[in-house]
Amino acid sequence: MNKKTKKYLIIVLVVLSLLGTYLLCQTLLINSRKEQDVVEKEKRYIENQAKERVMKTINLTLEYLKEVDTIDYQEYAYEENLEYDKLTKNQKVIYNSMLMNVLDFKDFKYEASKVGYDTLDDVLISYGALKLDHPEVEIYFYLKEVVEGDTTTALEAVYCMPGDASLEKADIVKLKDEIKIFNEEVNLIISSMPSNLNAYDKYRYLATYISLRTTYDNDFKNGNQTINIYGAISSETSICEGYAKAFKYLCKKANLWCNLVEGTSNGTSHMWNLVKLNDEYYHVDITWSDNQDVAPNTLEWFNYFMVSEDKILLDHEITKM
């Protein structure tokens, strides 16, 4: 092969190499754009679904907030008081393992024959703490008792669709979409809060949204969703536990000080909230405000919104706060 031919072949090989590189880059770019289009399409779907569910209630809430208090209240940031900190060392190990598995939607089971009943007791305690610390996972995860005869032989993880009273195992792909929609609903509620509100009216905005969004599920017909944050924020039915947990969760997202209060009212177990303004504590019982069947701008509604401990104790008893 002479030098001229050799040079020509080298040039051809270089050109072909460059062409191959170009075509590869174009293919990668096209694939990247397709993936981006899929992501954008999914994002728009999630946003549209969330808006369809909550914007009507948000807009109605804003109508009630047209007249706001101009007093400058001292505002307190949300303080995280984790149930995790109250657990034993072994319970914390279980809690952490359970949380990691739940966030990854992994199947897991605690079998008495393998771990013993003392560990099953610790699992239940850890599970209770996990639900309080991470109410967002309670909307789709629960531990199911596996019973043989009259004996519990295992505790098994189940992932169900939020709002599904049957608690049947969910399609994980659909479940992940539903969780994204719920998270976007919460984002819309918080981002729609007017920036000029003082601390008092921020609490009122969140309480009004919940009051307008949900009704009390007297017959517990919607099952588990009525005791978790999904019921009061998204699916329109709840009981006192759901009202209180949802208000606390939204306060956390808005960085407002809030806590749960456990007690009784009318001789029945009850749950409501405690908030803080100007170094004073006030009780917020959205369940009872909402149970008056009145609009959230009436005196009856305010009878259980931002009231002193002396007033709440007229018809409530406190056991834990």
Side-chain angles (χ1 to χ4, degrees), residues 33-68 78 103 105 134-141 159-165 170-197 201-217 222-239 242-256 258 286 289-290 295-297 301:
R33 286 174 178 170
K34 286 181 179 179
E35 290 175 3
Q36 188 175 355
D37 288 342
V38 170
V39 171
E40 287 298 320
K41 185 177 180 180
E42 181 186 12
K43 183 180 178 182
R44 286 194 300 271
Y45 170 77
I46 298 299
E47 290 174 347
N48 290 336
Q49 287 293 308
K51 287 178 180 178
E52 187 175 325
R53 295 184 188 182
V54 300
M55 284 310 301
K56 182 178 179 180
T57 307
I58 289 173
N59 289 332
L60 186 55
T61 299
L62 293 172
E63 286 294 316
Y64 283 103
L65 269 290
K66 280 187 174 179
E67 295 183 9
V68 296
Y78 184 85
L103 294 178
F105 302 93
H134 299 277
E136 67 278 5
V137 305
E138 187 185 13
I139 72 174
Y140 65 88
F141 159 72
Y159 302 103
C160 58
M161 290 296 289
D164 182 4
D171 179 300
I172 297 300
V173 174
K174 292 180 180 179
L175 174 57
K176 288 180 178 179
D177 280 345
E178 182 60 30
I179 294 168
K180 288 177 183 177
I181 293 170
F182 175 77
N183 289 337
E184 182 60 23
E185 289 178 61
V186 173
N187 290 337
L188 285 170
I189 295 166
I190 302 304
S191 64
S192 297
M193 181 189 293
S195 60
N196 65 329
L197 297 184
D201 282 316
K202 287 179 181 178
Y203 285 120
R204 185 161 73 95
Y205 169 86
L206 299 178
T208 299
Y209 172 85
I210 291 174
S211 187
L212 292 171
R213 181 65 180 175
T214 192
T215 55
Y216 196 88
D217 186 1
N222 288 316
N224 193 56
Q225 72 172 38
T226 62
I227 62 172
N228 64 49
I229 62 175
Y230 187 85
I233 292 174
S234 181
S235 72
E236 302 181 346
T237 58
S238 190
I239 61 172
Y243 277 92
K245 287 180 178 179
F247 185 67
K248 183 174 185 265
Y249 186 72
L250 291 180
C251 284
K252 177 180 178 178
K253 293 297 182 179
N255 197 26
L256 294 169
C258 184
I286 308 175
S289 286
D290 201 37
N297 61 350
W301 191 88

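This structure is a prediction, so every number in the text was calculated from the model and none was measured.
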Once side chain to side chain contact (heavy atoms under 4.5 Å, CB included) is applied, do any residues pair with [X], and if so which ones, sequence neighbours excluded?
X      : result
Ser235 : Gln225, Tyr230, Thr237
Asp164 : Met161, Ser166, Glu168
Glu52  : Gln49
Lys56  : none

Name each donor-acceptor pair under 3.5 Å that joins a side chain in residues 246-255 to protein atoms two or more places apart or in another chain, with its distance.
residue	atom	partner	partner atom	Å
Lys248	NZ	Tyr78	OH	2.9
Lys252	NZ	Glu80	OE1	3.1
Asn255	OD1	Tyr78	N	3.2

If you measure from [atom1] on [X] to [atom2] on [Y], what distance do you get to the nearest 0.5 Å?
X      : Y      : atom1 : atom2 : result
Ser238 : Ile286 : OG    : CD1   : 9.5 Å
Leu212 : Glu63  : CG    : CD    : 11.0 Å
His134 : Ile229 : NE2   : CD1   : 12.0 Å
Arg53  : Glu236 : CZ    : CD    : 10.5 Å
Glu42  : Asp177 : CD    : CG    : 5.5 Å
Glu178 : Cys160 : CD    : SG    : 11.0 Å

What residues, two or more places apart in sequence or in another chain, satisfy ring pair (Phe, Tyr, Trp, His ring centres under 6.0 Å) together with Tyr203?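 For Tyr203, no residue satisfies ring pair (Phe, Tyr, Trp, His ring centres under 6.0 Å) once neighbours in sequence are set aside.
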The criterion is ring pair (Phe, Tyr, Trp, His ring centres under 6.0 Å); which residues satisfy it with Tyr216, sequence neighbours excluded?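 For Tyr216 there are no ring pair (Phe, Tyr, Trp, His ring centres under 6.0 Å) partners, ignoring immediate neighbours.
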Do [X] and [Y] have side chains that approach each other closer than 4.5 Å (heavy atoms only, starting at C-beta)?
X      : Y      : value
Phe105 : Tyr140 : yes
Leu62  : Pro194 : yes
Ser234 : Ile181 : no

Which heavy atom of [X] sits nearest a heavy atom of [Y], and at what distance?
X      : Y      : answer
Trp301 : Ala295 : CB-O, 3.5 Å
Val173 : Asp171 : N-OD1, 2.9 Å
Leu175 : Ala170 : CB-CB, 4.3 Å
Pro296 : Thr208 : CG-CG2, 3.7 Å

When Glu185 is tested against each of Ile58, Thr57, Val54, Ile46 for side chain to side chain contact (heavy atoms under 4.5 Å, CB included), which residue passes?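 Single side chain to side chain contact (heavy atoms under 4.5 Å, CB included) partner of Glu185 among Ile58, Thr57, Val54, Ile46: Val54.
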Just jot down the side-chain hydrogen bond (donor to acceptor under 3.5 Å, both in side chains) partners of [X], sequence neighbours excluded, or say none.
X      : answer
Asp217 : none
Asp290 : Ser211, Tyr243
Lys174 : none
Glu138 : Lys245

Return yes if some donor-acceptor pair links the side-chain N/O of Tyr209 with the main-chain N/O of Ile233 below 3.5 Å, else return no.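 Checking the backbone N and O of Ile233 against the side chain of Tyr209, a donor-acceptor pair under 3.5 Å is found.
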Could you walk me through whether Met193 and Leu206 pass side-chain contact (heavy atoms from CB on, under 4.5 Å), step by step? CA-CA 8 Å; Met193 181 189 293; Leu206 299 178; 3.7 Å; yes
So which pairs with a foot in residues 224-235 pass salt bridge (charged side-chain N to carboxylate O under 4.0 Å, His left out), sequence neighbours left out?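 Residue pairs with at least one partner in residues 224-235: there are none.
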